[in-house]
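See below for the structure under consideration.
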Amino acid sequence: MKGLILCAGRGTRLHPFSYSQPKTLLPVANHPVLHYCIRKLREVGVHDIGIVIHPSQVQIPPFVGDGSQFGAAITFIEQEEPLGIAHAVQLAQPFLQDEPFILLLGDNLLMDSLHGLKRAFSEENSDGVVMLSEVERPQDYGIAEVQEGRLVSVEEKPRQPKSNLAVIGAYLFTKSIFESIATLQPSSRGEYEITDAIQSLIDRGFHIAHAVTSGKYSDVGTIDRWLEANRWVLTRDLGVTHQVGNETSVVNCEIVGPVLIGKGCKIENCRLGPFVSIQDGVHLKNCTHIENSILLENSSLQDITWKLTDSVFGRSSNFEGHSTDSSGVFILSDKSSIRIPAVKREEL
């Protein structure tokens, strides 16, 4: 069995951070989302993994390498136009050949393992499996209809959902999926939808099984979801403790876990946590309180006299200054700088 991870999306909802790096490399608990996907595949014995990227995503291949660090073999496949999940799968057919494969979306995080997919595939002798989870806003997802324990339909972002069971970005397919993809027409979004390909299989009498997960998952596609994923991964990995990387100095600080601090950081006179991820090389000094936030590598915060929460600070960004407000929310992109109060410029 092979694995396929899709990473070629534009990531527009994560601007400004996805301007400077692909969204699948953005860190959750200080590890890129893509690394979690690779590890999920390795947990179920998948060794041969294809990663679909856009040609502009030149950072991904050197970041992942040949896969040896994960005990895997990585093959990169280019998708020049963002024409949908089914289109990306079709491009990967020469790599996948006739083998069954697990498909993951590269910006999705799953708490549960993929053993449920493999189990449903083998026990039900199915032609494919989709992973489902209950959601609060089914109109925002591809939604499955299950009758008497059998999957009978899937529909992408329906106006009138038939259930609250969403297809959450983990699938197992056999080579029969390629026949369905070949018959597709673009949807109203101009994309070849994987839900349409699955429905085509069902309509033609193929047995598509399903596995329902109750574990946490997140589509790391917006700032809010990125922060949400960071919270539950930190909680899963650290509980209420904190972890400090090598060559990091922490002086006169109060830390309320879970908090993860990377290597080579300098932190002084700060209150941190809960739910804070700090990447390598970050400098913090005199910060009254930082909570539920992500600080990317080499960012710097100094003399922040109020509570910062629900914030993201980009790589090599700089933020300093005092305010009379009691709290603040900031989304600061790479190499940006804010100083409060503002310093007046001399008139030319």
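Since this is a predicted model, take the numbers as computed values, not measurements. Just the heavy atoms: all of them, side chains too, but no hydrogens, waters or symmetry mates, feed the values below.
- No option in Leu172, Val129, Leu104 other than Leu104 meets the side chain to side chain contact (heavy atoms under 4.5 Å, CB included) test with Leu114.
- Not one N or O on the side chain of Arg159 forms a donor-acceptor pair closer than 3.5 Å with the backbone of Gln139.
- The distance from atom CG of Leu34 to atom CG of Leu109, rounded to the nearest 0.5 Å, is 10.5 Å.
- In this structure a side-chain-to-backbone donor-acceptor pair under 3.5 Å is missing from Arg315 to Asn298.
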Met131 vs His210, side-chain contact (heavy atoms from CB on, under 4.5 Å): CA-CA, chis, key distance, verdict = CA-CA 6 Å; Met131 185 172 282; His210 64 280; over 6 Å; no
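- Inspection of the Arg204 and Ser180 side chains reveals an N or O donor paired with an N or O acceptor under 3.5 Å.
- Side chain of Lys40 to main chain of Met111: a donor-acceptor pair is present (N/O by atom type, distance under 3.5 Å, no hydrogens or angles).
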Report the C-alpha separation of Cys7 and Ile5 in whole Å, then their side-chain angles, then the decisive distance to 0.1 Å, and conclude whether the side-chain contact (heavy atoms from CB on, under 4.5 Å) test is met.
-> CA-CA 6 Å; Cys7 297; Ile5 305 173; 3.9 Å; yes
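- Side-chain contact between Pro55 and Glu78 is present, with at least one heavy-atom pair separated by less than 4.5 Å.
- Linking Ile, Leu, Val, Met, Phe, Trp and Tyr whenever their side-chain heavy atoms come within less than 4.5 Å puts Ile49 and Val44 in one cluster.
- In this structure, Thr248 contributes its side chain and Val244 its backbone to no donor-acceptor pair below 3.5 Å.
- Ion pairing between Glu191 and Arg189 holds under the 4.0 Å rule for side-chain N and carboxylate O.
- Atom OG of Ser214 sits about 12.5 Å away from atom CG of Leu132, to the nearest 0.5 Å.
- At a threshold of 4.0 Å, the pair Lys162-Glu155 does not count as salt-bridged, since none of the basic side-chain nitrogens sits closer than that to a carboxylate oxygen.
- Without hydrogens or angle criteria, Glu145 side chain to Ser153 main chain gives no donor-acceptor distance under 3.5 Å.
- When only modelled atom types and interatomic distance are considered, Asp224 and Thr222 share no side-chain donor-acceptor pair under 3.5 Å.
- Taking each heavy atom of Ser113 and Glu43 in turn, the nearest pair found is CB-OE1, 4.0 Å.
- Under a hydrophobic clustering in which Ile, Leu, Val, Met, Phe, Trp and Tyr are joined whenever their side-chain heavy atoms come within less than 4.5 Å, directly or via other members, Ile208 and Leu103 fall into the same cluster.
- Asp219 CG to Leu110 CG: the interatomic distance, rounded to the nearest 0.5 Å, is 10.5 Å.
- Summarising the local packing, NZ of Lys266 is surrounded by 12 or fewer heavy atoms from other residues, nucleotides or ligands at distances under 6.0 Å.
- Side-chain contact check for Val46 versus Ile102: some heavy-atom pair is nearer than 4.5 Å.
- Residues Ile77 and Gly50 share a closest heavy-atom pair of CD1-CA, 4.3 Å.
- Placement of Ile85 and Ile51 in two distinct hydrophobic clusters is found when ILVMFWY residues are connected by side-chain heavy-atom separations under 4.5 Å, directly or transitively.
- Atom-to-atom distance recorded for Thr174:OG1 and Glu179:CD is 8.5 Å, nearest 0.5 angstrom.
- Classified by interplanar angle (parallel below 30°, tilted 30° to 60°, perpendicular above 60°), the ring pair Tyr217/Tyr141 is perpendicular.
- A donor atom on one side chain and an acceptor atom on the other are found under 3.5 Å apart for Ser277 and Asn230.
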What do the steps show when you test Val135 against Asp140 for side-chain contact (heavy atoms from CB on, under 4.5 Å), and what is the final call?
-> CA-CA 9 Å; Val135 295; Asp140 294 340; over 6 Å; no
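- Contact check for Phe101 versus Val89: side-chain heavy atoms found under the 4.5 Å cut-off.
- Closest non-hydrogen pair, Asn30 versus Gly262, comes out as ND2-N, 3.9 Å.
- Remark: the backbone N or O of Ser317 is not paired with any side-chain donor or acceptor of Ser300 at under 3.5 angstrom.
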Take Leu284 and Glu268, measure what side-chain contact (heavy atoms from CB on, under 4.5 Å) needs, and give me the verdict at the end.
-> CA-CA 6 Å; Leu284 303 177; Glu268 182 179 356; over 6 Å; no
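- Open room surrounds CD on Glu80; 12 or fewer heavy atoms of other groups in view lie less than 6.0 Å from it.
- Between Phe313 and Val282, every side-chain heavy-atom pair lies at or beyond the 4.5 Å cut-off.
- Side-chain contact check for Asp112 and Thr213: at least one donor-acceptor pair (N or O, by modelled atom type) lies under 3.5 Å.
- In the hydrophobic cluster analysis, where Ile, Leu, Val, Met, Phe, Trp and Tyr join through side-chain heavy atoms closer than 4.5 angstrom, Val130 is grouped together with Leu6.
- Of the possible polar contacts, none joining the Lys263 side chain to the Gln279 backbone as a donor-acceptor pair under 3.5 Å is found.
- Judged by distance alone, the side chains of Glu81 and Gln79 never bring a donor and an acceptor atom under 3.5 Å apart.
- By the 4.5 Å heavy-atom criterion applied to side chains, Val220 and Asn108 are not counted as neighbours.
- One distance of note links CG of Asn286 with CD of Gln302; it measures 6.5 Å at 0.5 Å rounding.
- One N or O on the side chain of Gln57 and one on the backbone of His54 form a donor-acceptor pair closer than 3.5 Å.
- Looking at every heavy atom in both residues, Leu260 comes nearest to Ala29 through CD2-O, 3.1 Å.
- Atom CD1 in Ile278 sits 8.0 Å away from atom OG in Ser299 (nearest 0.5 Å).
- Looking at Ser200, its side chain never comes within 3.5 Å of a backbone N or O of Ile198 through a donor-acceptor pair.
- Taking 4.5 Å as the limit, some side-chain heavy atom of His31 sits within range of a side-chain heavy atom of Arg39.
- Linking ILVMFWY side-chain heavy atoms closer than 4.5 Å, directly or via other members, places Ile181 and Ile202 in a single hydrophobic cluster.
- For Lys216 and Glu228, the salt-bridge test fails: no basic side-chain N is under 4.0 Å from an acidic carboxylate O.
- Ring orientation note: the planes of Trp306 and Phe319 are nearly perpendicular, at an angle over 60° on the 30°/60° scale.
- Side-chain contact between Ile267 and Val251 is absent, with no heavy-atom pair separated by less than 4.5 Å.
- A donor-acceptor pair shorter than 3.5 Å can be found between the side chains of Ser187 and Glu193.
- Closest approach of Cys253 and Asn269 over heavy atoms only: SG-N, 3.7 Å.
- At least one donor-acceptor pair under 3.5 Å links the side chain of Ser122 to the backbone N or O of Lys118.
- Residues Leu117 and Tyr171 have side chains not in contact (no heavy-atom distance under 4.5 Å, counting atoms from C-beta outward).
- For Ser176 against Leu201, the heavy-atom pair with the smallest separation is O-CD2, 3.6 Å.
- Screening Val250, Ile261, Val256, Leu295 for a side chain to side chain contact (heavy atoms under 4.5 Å, CB included) involving Leu272 leaves a single residue, Ile261.
- Counted within 6.0 Å of CD on Glu134, heavy atoms from surrounding residues, nucleotides or ligands total 12 or fewer; the atom is thus considered open.
- Atom CD of Glu247 has 12 or fewer heavy atoms from other residues, nucleotides or ligands within 6.0 Å.
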